[in-house]
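Accompanying notes for the structure given below.
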Protein chains: 2
Amino acid sequence: MSLGTTLRVTKQRQVLLDELSKVRTHPTADELYQMVRKRLPRISLGTVYRNLELMAENGMIQKLEVGGTQKRFDGNAAPHYHIRCQKCGRVDDLSLPLAHDVERQAREYTDFTILRHNLEFSGFCPDCQESKGRR
Amino acid sequence: MSLGTTLRVTKQRQVLLDELSKVRTHPTADELYQMVRKRLPRISLGTVYRNLELMAENGMIQKLEVGGTQKRFDGNAAPHYHIRCQKCGRVDDLSLPLAHDVERQAREYTDFTILRHNLEFSGFCPDCQESKGRR
DNA sequence: CCTTATTTTAGAAATAATTTTATATTATTT
DNA sequence: AAATAATATAAAATTATTTCTAAAATAAGG
């Protein structure tokens, strides 16, 4: 299925999107699976993965590939930046104004066609700030 | 083993570092394994992973977590940005001057302690520019 | 050197995350 | 309602990476 296709509105998709929209925590596929299971106990993890992928391709949600092993999902489809805690892995939004000009600048340094940029911060979240064991 | 420990200089490490330094292509662990195998046919993939990890912790090389499933490695330990081809996955350096001020700016929008930032561009590499099938 | 302690290795097995496949179910069109 | 298409489930397969163990290499002290 390619970008722009209209997806059928199934119960699974409704609930997935609804749960994802409720939180600001950028859950992983597995976390979402646990959340959705409370409302749809028979849903499978494969369905969660497949639909998150489809909804991301459709531009309804964002798939984040910020550091760490697992991908995370963001119900806010509008471009914005993120910050990740090096200790606990928590990912927050960071509503810094978008640096549109970096793409223009960057074009002077490469032969690539630049389509987008992603700016990602890392550090320690408030909860991890005292006990900042290294990582 | 923690940051700053001196690593023994084994043949495997010498060759790994040497091969990684030779290229500007940011190879994956498996690609490096193939490269190193030509000189050390009995090296194991586990050794490659373990040593890349150790060298990255030691600050001798960088581990890149740019999009895609696999991690990539960069023999250039100095901070710099990257651009990734959406089609073929190729990752190039992008020697745009570092945007030091974004971290200062970002501090006004978050309670996190910000330690670093990473700016990553994506688009199409020269080779993929005509045939830009979606992704 | 020679002995002992420590680190590192290869190879195999285990794990984690994700993707794919085969089959069943549900929705849409005719 | 029958045929067609899309989607779901459950299980198996795949991919990337990590862990484990015994053997080999290296370092350090006498």
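First the proteins, then the strands, lettered A, B, ... as listed; each starts at 1.
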Could you state the [atom1]-[atom2] distance from [X] to [N], rounded to the nearest angstrom?
{"X": "B/Lys71", "N": "C/dA16", "atom1": "NZ", "atom2": "C1'", "answer": "11 Å"}
{"X": "B/Leu54", "N": "D/dT19", "atom1": "CG", "atom2": "P", "answer": "12 Å"}
{"X": "A/Met55", "N": "D/dA8", "atom1": "CE", "atom2": "P", "answer": "10 Å"}
{"X": "B/Asn51", "N": "D/dT17", "atom1": "CG", "atom2": "P", "answer": "15 Å"}
{"X": "B/Glu57", "N": "D/dT18", "atom1": "CD", "atom2": "P", "answer": "11 Å"}
{"X": "B/Leu52", "N": "D/dT18", "atom1": "CG", "atom2": "P", "answer": "10 Å"}
{"X": "A/Leu45", "N": "D/dT9", "atom1": "CG", "atom2": "P", "answer": "11 Å"}
{"X": "B/Leu7", "N": "D/dA25", "atom1": "CG", "atom2": "P", "answer": "19 Å"}

Look only at the side chain of [X] and the backbone of [Y], and say whether a donor-acceptor pair between them is shorter than 3.5 Å.
{"X": "B/Glu65", "Y": "B/Lys71", "answer": "no"}
{"X": "B/Glu120", "Y": "A/Glu120", "answer": "no"}
{"X": "A/Asp74", "Y": "A/Asn76", "answer": "yes"}
{"X": "A/Gln86", "Y": "A/Ser122", "answer": "no"}

What I'd like to find out is whether the side chain of B/Leu98 reaches to under 4.5 Å of the side chain of B/Pro79, using heavy atoms alone. yes
Student check: side-chain heavy atoms of B/Leu96 and B/Phe121 closer than 4.5 Å: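 Contact flag for B/Leu96/B/Phe121 side chains = yes.
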Between atom [atom1] of [X] and atom [atom2] of [Y], what is the distance when rounded to the nearest 0.5 Å?
{"X": "A/Thr113", "Y": "B/Phe124", "atom1": "OG1", "atom2": "CZ", "result": "7.5 Å"}
{"X": "A/Glu103", "Y": "A/Arg116", "atom1": "CD", "atom2": "CZ", "result": "9.0 Å"}
{"X": "A/Asp92", "Y": "A/Arg24", "atom1": "CG", "atom2": "CZ", "result": "10.5 Å"}
{"X": "A/Arg39", "Y": "A/Glu19", "atom1": "CZ", "atom2": "CD", "result": "4.5 Å"}
{"X": "A/Phe73", "Y": "A/Leu16", "atom1": "CZ", "atom2": "CG", "result": "9.5 Å"}

For A/Gln70 and B/Pro41, find the nucleotide of DNA chain C closest to each by heavy atoms; which residue's nucleotide sits nearer the 5' end? B/Pro41
B/Thr69 vs B/Val48, nearer the 5' end of DNA chain C by closest nucleotide: B/Val48
In degrees, rounded to 10°, what is the bend between the two ends of the helix from C/dC1-D/dG30 to C/dT30-D/dA1, using five pairs at each?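 Answer for the end axes of this duplex: 30°.
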Cluster check A/Leu94, B/Leu119: I/L/V/M/F/W/Y, side chain < 4.5 angstrom: yes
Identify every side-chain donor-acceptor pair in residues 41-55 of chain A under 3.5 Å, counting partners at least two apart or on other chains, and give the distances.
from: A/Ser44; atom 1: OG; to: A/Thr47; atom 2: N; distance (Å): 3.2
from: A/Ser44; atom 1: OG; to: A/Thr47; atom 2: OG1; distance (Å): 3.0
from: A/Thr47; atom 1: OG1; to: A/Arg50; atom 2: NH2; distance (Å): 3.3
from: A/Asn51; atom 1: OD1; to: A/Arg13; atom 2: NE; distance (Å): 2.7
from: A/Asn51; atom 1: OD1; to: A/Arg13; atom 2: NH2; distance (Å): 3.0
from: A/Asn51; atom 1: ND2; to: A/Thr47; atom 2: O; distance (Å): 3.1
from: A/Glu53; atom 1: OE1; to: A/Lys63; atom 2: NZ; distance (Å): 3.0
from: A/Glu53; atom 1: OE2; to: A/Lys63; atom 2: NZ; distance (Å): 3.1

Could you list, one pair per line, each protein nitrogen or oxygen that sits under 3.5 Å from a nitrogen or oxygen of nucleotides 10-12 of chain D, together with the distance?
from: D/dA10; atom 1: OP1; to: A/Arg42; atom 2: NH2; distance (Å): 3.0

With a 4.0 Å cutoff (strictly under), does any side-chain N or O of A/Tyr49 reach OP1 or OP2 of C/dT18? yes
Applying ring-ring contact (aromatic ring centres under 6.0 Å, His included), can you list everything that pairs with B/His82, at least two apart in sequence or on another chain?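 By the ring-ring contact (aromatic ring centres under 6.0 Å, His included) rule, B/His82 matches B/His26, B/His80.
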Give the B/S/- string for nucleotides 21-29 of chain C, one per nucleotide from 5' to 3', where a protein heavy atom under 4.0 Å of the base yields B, of only the sugar-phosphate yields S, and otherwise -. ------SS-
Heavy atom of residues 12-38 of chain B under 4.0 Å from DNA chain C: which residues?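 Within this stretch, B/Gln12, B/Arg13 sit under 4.0 Å of the strand.
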